[in-house]
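Below: one structure, written as structure tokens.
All chains are named by letter (A, B, ...) in the order of the sequence lines, taking the proteins before the strands, and each is independently numbered beginning at 1.
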2 protein chains.
Amino acid sequence: MSTSADPTGPSRAPAKVKAATIYDVAQAAGVSHQTVSRFLTGFEGIRPATRERVVQALDDLGYRPNLTARSLKSGQSHRIGALTHEISQVGPARIVEGASIAAREAGYVLDIVSLDTRNPLAIEESLALITQHDLAGVLALAVTDEMTRAFEATSFRVPAYVASETDGAEDDPRGMLSRVGIPALVAHLAGLGHRRLVHIAGPTIWSAARNRIRAYDAAIDAQGLVSAGILHGDWSAASGYRAIAELTDLPDATAYVVANDQMALGAMLALKERGLRIPDDISIVGVDDIPEAAYFDPPLTTLRNDFEGQGRAAVSRLLARIERSEAVPVLVPPPLLVARRSSGPAPQR
Amino acid sequence: MSTSADPTGPSRAPAKVKAATIYDVAQAAGVSHQTVSRFLTGFEGIRPATRERVVQALDDLGYRPNLTARSLKSGQSHRIGALTHEISQVGPARIVEGASIAAREAGYVLDIVSLDTRNPLAIEESLALITQHDLAGVLALAVTDEMTRAFEATSFRVPAYVASETDGAEDDPRGMLSRVGIPALVAHLAGLGHRRLVHIAGPTIWSAARNRIRAYDAAIDAQGLVSAGILHGDWSAASGYRAIAELTDLPDATAYVVANDQMALGAMLALKERGLRIPDDISIVGVDDIPEAAYFDPPLTTLRNDFEGQGRAAVSRLLARIERSEAVPVLVPPPLLVARRSSGPAPQR
DNA sequence: CAACTGGATGTTATCGACAACATCCTAGTT
DNA sequence: AACTAGGATGTTGTCGATAACATCCAGTTG
């Protein structure tokens, strides 16, 4: 879908009435502003009669607290800075969406800054901008080397949290890789009789891409298979297409493990254009299970990643730090293998 | 790509040093805080010697203005609230990205709130949350009926701007429809000899979907063609698939005009599963030109929408209102027809 | 040389909320 | 009836910045 800006469209002139403050409310209720403030902060010891008048005045004036003033005094804004790359990609976008919803549920608003990977200068500027908005915390949602570097170079005076795919790495190295989910894909292919695989990886400045490469290598070893090589793309369908189309000879392999669904789509088209049938001649599997993957031709075997859950989890962990609560961290379910028609038994030679 | 939250990953403990204020700077420079403030706001009449000391102190202390305090006093935050739906969809996501970049270039930050279409209550809550953050302005980036209603029911005390696809509607009804771009698609199909078309529409609570339906109808009339019906989807590939798969008999048409690329993907799979060849037996065209569309099988003929440009345009218009500048509004180029292999000559009967 | 002018700088008030402290009132005690 | 404890409420200060007003001083003028 799309929408475009409407030059003459509906809009609202800024109403000149300025918002009611606690002083206005206090005057209307015939009490001091502090009584109003007390009511708002949930103080118990207010006489019912007084309380009633305050409630009434609050309602009459349509009072809305001014969060700017509140955060100036209390030093805590209810805003979280979220840094991400390429929000137009499905993965990051859905992580952001999950984070946004989780933040809102907790009474926070997300300041989203989508950084351009190709423009390191913009990253610096954005961080400078963000550090001024005294935020409650900062979240890095899509992790590239640039992002990591920028994060390390910046001194946030607030809790910062980097959401990365190296889930559980510190606790258990095996845990980390298994969480990436690639092993399940490799095992699936091994079960179908495939012995020689190829990996099409994402750009290695992304930690997610590096993790997937490591997971692929480890899974190949674990299953006693052979890797016929690693090709490189940039997450886009175009790069997946090129990775295959530009090869003079296809690698000697019967299955492709592609680091995301978009590249898998491009790779499938290139393979089909070379006259190969999927999955009869060659199997291909992706990662992410974007909503379109089930409607590729053939429908793509892939890993379902719970992006919204990842976003929620990142926020919940940041909030735990901000509010120093000991809340049980939200868990992200491990990726789920979704077998579709793009993977089939290895061809008999 | 994807990333997931890292429970033990890199993070930064909040440094306990609190930020330097203009008072700290003033003391360090041996001047009054007001002199510092004057320097910061670009006041000319400061003696070079004094200025030098201020600059030095500013630098030594690593001063960063506290925007919360600034906006409390000045009443103008540099934040813009952006309301959107389904940011995980490519269109909205890229509009948001464009808006976000444009906002940042102007020194603003976007507070993005992604509303759930299915939960009107959440819309109210989000608007309440947003109205408290005294924003410089509010932007509605994806327009559904719920959004419009909520906007009308809420009293923003700031400029609000609704970005919609009814581009130029008020100026020129023909302009509005042509901007939607559908006429170019219909003309393209007519040029290939198609006479009977079907439209697969998006959910009619979206103004974009309604506009596209109207544009389709108008274009059919203008070209003297016949519409064999309008099917309905929800923008997803799954709904495009179902729209075709659930029909007992296909409509008597040689071409499908689908309101977005994702539904077109699903529809193509369903058509192929019915044994139809694209484009030999049936032509299909989409809208949006998502990056994957060129790698569908066959590659999809579609309309290229400049989403980032739309986002930028929306921000620039809102900023013009906020700052009451007479800046020339950014123009969004009209959608461009991208002909690929999914559309071909109408079959001879 | 005193009065004046205007540029440079300092002092105080303000935004809206919350917090600390001060004060008032009521009910219970002797 | 005077006294007190403690709950209810009011007053003042604070957060960091900007605005309005006040003051200081050097150089000009008559």
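A straight line from CG of Asn66(B) to P of dG16(D) spans 7 Å, rounded to a whole angstrom. Rounded to whole Å, the distance from CG on Asp24(B) to P on dG16(D) is 8 Å. When the C1' atom of dG13(D) is taken as reference, atom CG of Leu72(A) falls 13 Å away, rounded to whole Å. The CD1 atom of Ile22(A) sits 14 Å away from the P atom of dT11(D) (whole-angstrom rounding).
OP1 or OP2 of dT18(D) sits under 4.0 Å from a side-chain N or O of Arg70(B). A close approach under 4.0 Å does not occur between any side-chain nitrogen or oxygen of Tyr23(A) and OP1 or OP2 of dG10(D).
Ser71(B) pairs by the side chain to side chain contact (heavy atoms under 4.5 Å, CB included) definition with Thr68(A), Ser77(B), not counting sequence neighbours. Applying the side-chain hydrogen bond (donor to acceptor under 3.5 Å, both in side chains) rule to Arg104(A) yields the partners Ser126(B); only residues at least two apart in sequence or on another chain are considered. When the side chain to side chain contact (heavy atoms under 4.5 Å, CB included) test is applied to Gln56(B), the partners found at least two apart in sequence or on another chain are Asp60(B). Residues that satisfy the side-chain hydrogen bond (donor to acceptor under 3.5 Å, both in side chains) test with Arg94(A), not counting sequence neighbours, are Glu308(A). For the side-chain hydrogen bond (donor to acceptor under 3.5 Å, both in side chains) test, no residue two or more places apart in sequence or in another chain qualifies with Gln27(B). Take Gln34(B) and apply the side-chain hydrogen bond (donor to acceptor under 3.5 Å, both in side chains) test, not counting sequence neighbours, and it matches no residue.
Ser37(B) comes within 4.0 angstrom of a nucleotide base, judged by non-hydrogen atoms across all strands.
Residues of residues 28-36 of chain B that place a heavy atom closer than 4.0 Å to DNA chain D, in numerical order, are His33(B), Gln34(B). Only Thr41(B), listed by number, bring a heavy atom of residues 38-61 of chain B to less than 4.0 angstrom from any atom of DNA chain D.
Among residues at least two apart or in separate chains, ring-ring contact (aromatic ring centres under 6.0 Å, His included) pairs with a member in residues 20-61 of chain A are Tyr23(A)-His33(A). For residues 33-52 of chain B, no residue pair satisfies the salt bridge (charged side-chain N to carboxylate O under 4.0 Å, His left out) rule, not counting sequence neighbours. For residues 49-76 of chain A, no residue pair satisfies the ring-ring contact (aromatic ring centres under 6.0 Å, His included) rule, not counting sequence neighbours.
Under the 3.5 Å distance criterion, the side-chain polar atoms of Arg53(A) are matched with a main-chain donor or acceptor of Ala29(A).
Taking the C1' atoms of five terminal pairs at each end of the helix from dC1(C)-dG30(D) to dT30(C)-dA1(D), the two resulting helix axes are inclined by 70°, rounded to 10°.
Looking at Trp206(B) and His85(B), their side chains come closer than 4.5 Å, going by heavy atoms from C-beta outward.
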